[in-house]
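First the structure, then my questions, so here it is.
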Amino acid sequence: MERVDVSILGRDYSLACPAQEKDALLAAVRQVDQRMLAIKGSGKVVSNERIAVMAAIQIANELLTLRAPNGSLSDIAVGDFRGKIESMNGMLDQVLPNANAV
């Protein structure tokens with residue numbers, strides 16, 4: 001097991017994972033941190049505990065929406081992915097004009 005130090009919403013955590021899973025763990029930490037920062041940035045939720053619960057619910061909902069009944073993604077409609085991609089493109093369109101102003 002390898003020890004990995006991470007920061008989520010400004011708080012430091014020390015996690016243990018197999019060395020071969022470190023990259024996946026760090027990607028998961030980035031996802032959780034970004035989701036929690038977005039929720040906090042909305043200004044609607046202030047408690048870190050509530051922010052964590054809301055982020056967990058959102059991520060679990062996305063996972064369950066993508067998972068097919070047999071546990072694989074093979075039966076997911078292409079439209080579901082297209083919608084996700086369009087949503088991501090919309091977020092990028094909102095962020096990129098602001099990045100050029102910096």
Side-chain angles (χ1 to χ4, degrees):
M1 293 294 256
E2 184 173 337
R3 181 179 165 162
V4 180
D5 294 322
V6 299
S7 177
I8 300 174
L9 205 61
R11 293 191 65 186
D12 295 330
Y13 298 91
S14 184
L15 309 171
C17 73
Q20 66 272 20
E21 295 178 15
K22 181 178 178 181
D23 290 340
L25 174 66
L26 292 174
V29 166
R30 280 191 299 277
Q31 171 71 18
V32 169
D33 189 45
Q34 290 171 357
R35 186 63 56 99
M36 290 179 68
L37 287 169
I39 293 168
K40 184 176 183 176
S42 74
K44 296 178 183 176
V45 183
V46 287
S47 160
N48 283 352
E49 181 179 326
R50 286 183 176 263
I51 290 170
V53 169
M54 293 303 298
I57 290 169
Q58 288 178 5
I59 292 168
N61 182 53
E62 287 178 9
L63 175 65
L64 292 173
T65 302
L66 290 175
R67 183 178 291 161
N70 66 2
S72 72
L73 297 177
S74 61
D75 296 330
I76 299 296
V78 173
D80 291 342
F81 288 110
R82 183 173 289 128
K84 293 275 185 198
I85 291 169
E86 288 172 0
S87 174
M88 287 186 255
N89 282 334
M91 286 187 254
L92 288 172
D93 289 341
Q94 291 175 353
V95 173
L96 289 178
N98 296 332
N100 292 335
V102 176

Any chance you could measure S42, atom OG, to I51, atom CD1, to the nearest 0.5 Å?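 So the OG of S42 and the CD1 of I51 are separated by 8.0 Å.
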I want to check something: taking the side chain as every heavy atom from C-beta on, are I8 and Y13 in contact at a cut-off of under 4.5 Å?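 Side-chain contact under 4.5 Å: yes.
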Identify the heavy atoms of S7 and V29 that sit nearest to each other, and give their distance.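 Shortest heavy-atom separation between S7 and V29 comes out as O-CG1, 4.2 Å.
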Heavy atoms, side chains only, cut-off 4.5 Å: are V4 and L26 in contact?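 When only atoms from C-beta onward are counted, L26 and V4 do touch, with a gap below 4.5 Å.
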Quick one: does any side-chain atom of D33 pair with a main-chain N or O of L9 as donor and acceptor, under 3.5 Å?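 Side chain of D33 to backbone of L9, a donor-acceptor pair under 3.5 Å: yes, one is there.
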If you define the side chain from C-beta out and look only at heavy atoms, does anything of R3 sit under 4.5 Å from L15?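 R3 vs L15: side chains apart.
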Tell me, yes or no, whether the heavy-atom count around Q20 atom CD, taken from other residues, nucleotides or ligands under 6.0 Å, exceeds 12.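 Yes - once you tally the heavy atoms of other residues, nucleotides and ligands closer than 6.0 Å, there are more than 12.
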By the definition side-chain contact (heavy atoms from CB on, under 4.5 Å), identify the one residue from K40, R30, E62 that meets it with R35.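 So, applying the side-chain contact (heavy atoms from CB on, under 4.5 Å) to R35 and each of K40, R30, E62, only E62 qualifies.
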To check you understand the geometry: which heavy-atom pair defines the closest contact between M36 and A55, and what is its length?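 Closest approach of M36 to A55: CG-CB, 3.6 Å.
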With rounding to the nearest 0.5 angstrom, report the NZ to CE distance, K44 to M54.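 Between atom NZ of K44 and atom CE of M54 there are 9.5 Å.
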CZ on R50 to CD1 on I39, rounded to 0.5 Å: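 One finds 12.5 Å between CD1 of I39 and CZ of R50.
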Should L25 and I59 be counted in the same cluster of Ile, Leu, Val, Met, Phe, Trp and Tyr side chains packed under 4.5 Å apart?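 Looking at the clustering, I59 is in the same group as L25.
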Residues in side-chain hydrogen bond (donor to acceptor under 3.5 Å, both in side chains) contact with E2, at least two apart in sequence or another chain: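 Expected list: K22.
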